[in-house]
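Contents: one structure, followed by commentary.
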Amino acid sequence: MRMSQFFLPVLKDTPAEAQIVSHRLMLRAGMIRQSAAGIYSWLPLGFRVLKKIEQIVREEQDATGAQELLMPTIQPADLWRESGRYDDYGQEMLRITDRHDRDMLFGPTNEELITDIFRSSIRSYRQLPHNLYHIQWKFRDEVRPRFGIMRGREFLMKDNYSFDLDKDGARRSYNKMFVAYLRTFDRLGLKAIPMVADTGPIGGDMSHEFIVLADTGESEVYCHADYLDFVVPDASTDYEGDLSPIIEHWTSRYAATDEKHDASRFEAEVPSDRRIATRGIEVGHIFYFGSKYSKPMGATVMGADGVEVPVEMGSYGIGVSRLVGAIIEASHDDDGIIWPASVAPFHVGLINLKVGDADCDRTVANIYETLRRAGVEVLLDDSDGRAGGKFATMDLIGLPWQMIVGPRGLKSGVVEVKERCTGVRQELSIEAAMTTVIGAPEA
RNA sequence: CGGAGUGUAGCUCAGCCUGGUAGAGCACCGUCUUCGGGAGGCGGGGGUCGGAGGUUCGAAUCCUCUCACUCCGACCA
């Protein structure tokens, strides 16, 4: 992509409304634009990141055997009356009346809808288990949206729903999601710690929140420092095998959000120099809630013994749009964002320091085409701006690698390669620069 | 929903207290000099001062109402 054609409205000044660093950087880097309180447009740069995160989430879900579908944003109120939540959910639910005066709502979550889909299609225990997910926009009419897309009213969420015959099966489904979440956040370059959590309005009796430690997080959290060094299961993990050792390992140390925090246990179980008491960002939440929805909504299957039973369900959410903010909170410096390679909007920022100089133009065009043919996503700064501005913009948008081509270097046959995360700059031959940038691990 | 603020040019803000022809920096357009870490000169375009009502000879400024946004708290994924 040539920057001269790319819609990238970067801001030099920090917009007044932005308080936390991720919000400021997202606005400055031209990733999002606010439309109303807690409602944002995603501009091209931000949208690229959002899609990359979404794709990693999708791949890790698919690896567990979960299947993707897509449910609508607008739902009929009647389904929510069946579960009893139409009244319980309160003002956070955006209620809509259509032209025929039918009560509708913009979905804040999808338990009712998926249960309806399930019950009308599945009749026998032989058809179980199932785990269905979608990645769809949700709307929750927060009293006070804040922190940019971290607590928006409209947000993109991956939510899935497992259906099992019995509690053992539900436990296996829960464990799969637990492992998939560990892998997902790891691929996104985040250290997310599973913490015992309150179940909230969804209810149920088993729940973990996946928390990224950050001073700007909204939850107070307490955990054992050992978690920071725990090893995440690799891609060869067999989801059909026994996952319980992994779960046991990842729940072996103290970790709780403030709702579930027990100060005396914390002090008894964690040596004082290993105690972490800080704030965190909730990026995922998994629940097991049994028959909470299947029973009132009549989602039953015939068991092997000829007795009809409500299915055992769980639901699992990842805040896809929130993750964009969480990653920035976890990875930035004074100059801007530092994207992990796995979600970077482009892999390389190629800077032509002197547009119009025949040597520079030719070299840059060659590098650009070569990288593109090698499948590397390149953002080429082909503007005729000044060097300082180009460097500042490239640092701000945080691409993993910068290749800087200028007349001074070309005279001695070198270009500069800068690695954003370390700040290390090297002058290399064009070939060596190419190898450095292409050969860099994709995380 | 309680409390506290803020709305003036695309962005950051001054002007408001004490009413009298709407400003600065950045950005943008033209031009010249610059040109490797957010350069400088000259010239230029751009704002019904969030909206409505009121007071006044005269309102960005004072008063009333209203809308929007932000922050703290409660609530929540």
Side-chain angles (χ1 to χ4, degrees), chain A residues 9-20 23-24 27-28 30 33-40 88-93 107-111 138-159 195 197-202 207-212 217-219 257-259 280-287 315-323 325-326 334-336 351-357 360 381 383-396 402-412 414-416 418 423 425 427:
Chain A
V10 297
L11 304 174
K12 212 162 169 179
D13 294 310
T14 302
E17 73 269 16
Q19 297 300 313
I20 63 168
H23 190 197
R24 284 201 296 264
L27 290 167
R28 286 196 54 213
R33 189 85 135 210
Q34 181 167 17
S35 160
I39 302 177
Y40 292 84
D88 292 349
Y89 218 95
Q91 291 200 292
E92 234 178 82
M93 185 154 74
T109 178
N110 285 65
E111 279 83 4
K138 306 293 187 292
F139 194 92
R140 295 184 189 173
D141 200 359
E142 293 283 336
V143 191
R144 184 152 98 83
R146 64 187 114 171
F147 304 147
I149 48 98
M150 298 277 277
R151 177 168 293 280
R153 292 194 290 171
E154 188 181 61
F155 58 98
L156 187 62
M157 181 162 95
K158 185 284 300 177
D159 45 319
M195 301 198 180
D198 204 23
T199 52
I202 291 184
S207 173
H208 283 88
E209 286 183 13
F210 288 74
I211 302 279
V212 173
E218 287 193 272
S219 328
T257 61
D258 54 350
E259 299 95 349
I281 302 164
E282 180 185 349
V283 289
H285 200 157
I286 58 180
F287 299 91
S315 78
Y316 317 88
I318 289 180
V320 175
S321 49
R322 175 181 287 180
L323 274 166
D334 289 345
D335 295 323
I351 297 178
N352 184 346
L353 275 183
K354 189 158 188 172
V355 171
D357 177 273
C360 284
D381 189 344
S383 65
D384 60 358
R386 301 170 60 83
K390 294 184 180 186
F391 296 139
T393 297
M394 214 47 101
D395 283 346
L396 173 64
Q402 295 171 17
M403 282 183 76
I404 299 154
V405 179
R408 185 186 297 172
L410 285 186
K411 278 198 185 95
S412 39
V414 298
V415 297
E416 187 178 309
K418 174 175 165 178
R425 289 180 289 195
E427 299 220 314

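Lettering of chains follows the sequences in order, A, B, ..., and the numbering in each one begins at 1. Just so you know, these numbers use all the heavy atoms, side chains as well, and skip hydrogens, waters and symmetry mates.
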First encountered from the 5' end of RNA chain B, between G409(A) and T14(A)
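First, find each residue's nearest nucleotide; the 5'-ward one identifies T14(A).
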
T393(A) or A36(A), whichever maps to the more 5' nucleotide of RNA chain B
T393(A)

Does any nucleotide pair with [N] by Watson-Crick or G-U wobble geometry, both distances under 3.5 Å, and what is it?
{"N": "rG43(B)", "result": "rC29(B)"}
{"N": "rU21(B)", "result": "none"}
{"N": "rA14(B)", "result": "none"}
{"N": "rG58(B)", "result": "none"}
{"N": "rG38(B)", "result": "none"}
{"N": "rU6(B)", "result": "rA68(B)"}
{"N": "rG73(B)", "result": "rC1(B)"}

What integer number of Å spans the [atom1] atoms of [N] and [M]?
{"N": "rA22(B)", "M": "rC16(B)", "atom1": "C1'", "result": "13 Å"}
{"N": "rG15(B)", "M": "rA52(B)", "atom1": "C1'", "result": "24 Å"}
{"N": "rU66(B)", "M": "rG10(B)", "atom1": "C1'", "result": "27 Å"}
{"N": "rC63(B)", "M": "rG19(B)", "atom1": "C1'", "result": "13 Å"}
{"N": "rC49(B)", "M": "rG7(B)", "atom1": "C1'", "result": "9 Å"}
{"N": "rA24(B)", "M": "rA14(B)", "atom1": "C1'", "result": "7 Å"}
{"N": "rC57(B)", "M": "rC69(B)", "atom1": "C1'", "result": "37 Å"}
{"N": "rA60(B)", "M": "rG50(B)", "atom1": "P", "result": "10 Å"}

Base of rU70(B) paired with side chain of R146(A) (donor-acceptor, under 3.5 Å)
no

Whether the side chain of R425(A) and the base of rG37(B) hold a donor-acceptor pair under 3.5 Å is what I'd like checked.
yes

Taking all non-hydrogen atoms of both residues, which atom of [X] and which atom of [Y] are closest, and how far apart?
{"X": "A326(A)", "Y": "M150(A)", "answer": "N-SD, 3.6 Å"}
{"X": "K158(A)", "Y": "Y316(A)", "answer": "NZ-O, 3.4 Å"}
{"X": "G217(A)", "Y": "I281(A)", "answer": "CA-CG1, 3.7 Å"}
{"X": "A37(A)", "Y": "R153(A)", "answer": "O-NE, 2.8 Å"}
{"X": "K138(A)", "Y": "M157(A)", "answer": "NZ-O, 3.6 Å"}

Under 4.0 Å, heavy atoms only, any strand: does [X] hit a base, just the sugar-phosphate, or nothing?
{"X": "E142(A)", "value": "base"}
{"X": "P15(A)", "value": "sugar-phosphate"}
{"X": "R153(A)", "value": "nothing"}

Could you walk me through whether Y40(A) and H23(A) pass side-chain contact (heavy atoms from CB on, under 4.5 Å), step by step?
CA-CA 11 Å; Y40(A) 292 84; H23(A) 190 197; 3.4 Å; yes

Return the value, rounded to whole Å, for the distance between atom [atom1] of [X] and atom [atom2] of [N].
{"X": "M157(A)", "N": "rC76(B)", "atom1": "CE", "atom2": "P", "value": "17 Å"}
{"X": "Q19(A)", "N": "rU6(B)", "atom1": "CD", "atom2": "C1'", "value": "12 Å"}
{"X": "F287(A)", "N": "rC76(B)", "atom1": "CZ", "atom2": "P", "value": "12 Å"}
{"X": "E92(A)", "N": "rC1(B)", "atom1": "CD", "atom2": "P", "value": "14 Å"}
{"X": "R151(A)", "N": "rC72(B)", "atom1": "CZ", "atom2": "P", "value": "12 Å"}
{"X": "D141(A)", "N": "rC1(B)", "atom1": "CG", "atom2": "C1'", "value": "13 Å"}

Is the shortest side-chain heavy-atom distance between S315(A) and E111(A) below 4.5 Å?
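Yes, side chains in contact.
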
